[in-house]
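Here is the structure we will look at, set down as structure tokens.
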Protein chains: 2
Amino acid sequence: MPRASDRLIEQIKNEIFSGLLKPGDQLEEAELSKRFGVSRTPIREAIRSMVDGGFLETRPRKGAMVRVLTAKELNDLFEVAAELEGMAARLASESLTLSHKKSIQEGLQQCKDAAAKEDPTAYAAANLVFHAAIHRAAGNEWLIDQLERLQARINVYRLLPYEVVGRLEKSVEEHEQIADAIFNKDGATANTLMRDHIMLQGARLPSLLKALE
Amino acid sequence: MPRASDRLIEQIKNEIFSGLLKPGDQLEEAELSKRFGVSRTPIREAIRSMVDGGFLETRPRKGAMVRVLTAKELNDLFEVAAELEGMAARLASESLTLSHKKSIQEGLQQCKDAAAKEDPTAYAAANLVFHAAIHRAAGNEWLIDQLERLQARINVYRLLPYEVVGRLEKSVEEHEQIADAIFNKDGATANTLMRDHIMLQGARLPSLLKALE
DNA sequence: CATGGCTTATATGTATACATATAGCAACTA
DNA sequence: TAGTTGCTATATGTATACATATAAGCCATG
């Protein structure tokens, strides 16, 4: 039997991801308790976990609120994500198995298909598949865990209405180059290409965020 | 007024760091409750946080135990730590201010002094000062946070009796080279030197851990 | 003697009751 | 009128009571 607090974490995260809860919103334990039909105890444990995950912040006696990231913090986040994604690409190229290669090719193909159909939603999903394949190929469990946390953290902002026209094709090109470097076991190039790839994706968000303030 | 659960996190961590609680040990909520003189509620919240921090692991209805790392997991951990430390060195060299330079030199000097006195305990502290100075110089808050978490995670194993004869002098030499690279704004070199430096430190732990199994 | 099912003990998971600090509002004073 | 002080409401922090799942021990049965 799964714990209520674990369910709650997912539910509250979903409310953040879906935009129902926005950065700065206050979370009242009693309100959440009524809304989810459980007592305050599991609510508090869920909040605790989400604070540790960086989604919420609390001040003693002041309750929890959805964390607000400044433009600099978001930039810092992407900088680390880019470094670790680059690391994953390097490691993947250093210890590439046939099965991992196939997974990466599969992810790449999904990206191509989605880009051809100019379907940003499908592309977002395919993009995750491609990157996840590289993460697994890297074979470092701790790295995979960190990248998943970063991904979840960044996902909060996926609803921001930012322009992606023409970006899909370019992204696919970059993916192809990265995959080639990995397949050629050129770790240094894979690393650099991947880092630039992520930073390009992230470069627009901070400025957009600053514009929203 | 600080929260009891926050105090508890530090206290339990200390019990792990000091070796009182060893990997694999079971944590009973009622026992901790009596020992620390608080109810189970803050105990549970502290456990929750420490699970998120990677110090404990829980299975539903089975309670919490101090996390046991396999040799591979520890190796993965060091691999990520090395990459992020390298990143910090690179960033530090790219945006070095005079005040940060002084902090790094100060840390380096403390390492030299401790090594000259052949005092491993003092060296461990000085080592932290040196690395922390570089972290701050990098100026990426998220990176600093991640490195602190990794440091705390690795600290659990600082009590393992491993041979350090001759390592102190070598470590100081490496620190000097890293500092020089940063001061010369040679980010690529600083990155590589730092990565190798950390991996050297970590290389022995997994094999030692394997021997203990 | 071994094995399987039932009973019971215990520890986790959840709910509720109680304590206390903070904030908002009102009344009083300068 | 502005500012300050004290009361009160409310939400957080903590303790305790209750529910339930797991596991261990014991008895019965083959």
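Hydrogens, waters and symmetry mates are skipped; everything else that's a heavy atom, side chains included, is used. Per chain, numbering begins at 1; letters A, B, ... match sequence-line order.
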Margin query: I need the CD-P distance between A/Glu31 and D/dT12, as an integer number of Å.
Written below: 11 Å
Checklist line | Euclidean distance, atom CZ of residue B/Arg59 to atom P of C/dA11 [Å, nearest integer] | finding: 19 Å
Margin query: Counting C-beta onward and ignoring hydrogens, is there a side-chain heavy-atom pair between A/Leu32 and A/Gln11 closer than 4.5 Å?
Written below: no
Note to self: Rounding to an integer number of Å, can you tell me how far B/Ile9 CD1 sits from D/dG13 P?
What the structure shows: 13 Å
Check: Does a side-chain N or O from A/Lys62 land closer than 4.0 Å to OP1 or OP2 of C/dA23, or not?
Finding: yes
Checklist line | B/Lys72: which of B/Thr70, B/Asp76, B/Asn75 passes side-chain hydrogen bond (donor to acceptor under 3.5 Å, both in side chains) | finding: B/Asp76
Checklist line | Backbone N/O of B/Ala46 and side chain of B/Ser49: donor-acceptor pair under 3.5 Å | finding: no
Next item on the list: Specify the separation, in whole Å, of atom CG of B/Leu32 and atom C1' of D/dA15.
Entry: 16 Å
Notebook entry, point to check: Roughly, in whole Å, what's the span from CD in A/Glu29 to P in D/dA11?
Noted result: 10 Å
Check: Should we count CD of B/Glu57 as having more than 12 external heavy atoms under 6.0 Å?
Finding: yes
Margin query: Contact between B/Ile104 and B/Leu96 at the side-chain level, heavy atoms closer than 4.5 Å - yes or no?
Written below: yes
Check: Tell me: CZ of A/Arg7 to P of C/dG13, nearest whole Å?
Finding: 14 Å
Check: Which whole-number value in Å describes the distance from A/Glu28 CD to C/dA23 P?
Finding: 14 Å
Notebook entry, point to check: Between atom CE in B/Met65 and atom P in C/dT12, what is the gap in whole Å?
Noted result: 13 Å
Checklist line | OP1 or OP2 of C/dG13 under 4.0 Å from side-chain N/O of A/Arg3 | finding: yes
Check: Do we get B/Arg153 above B/Phe55's six-membered ring, with its NZ or CZ under 6.0 Å from the centre and within 45° of the axis?
Finding: yes
Next item on the list: Output the residues of residues 38-52 of chain A in contact with DNA chain C, where contact means a heavy atom of the residue under 4.0 Å from an atom of the strand; sort by number or write none.
Entry: A/Val38, A/Ser39, A/Arg40, A/Thr41, A/Pro42
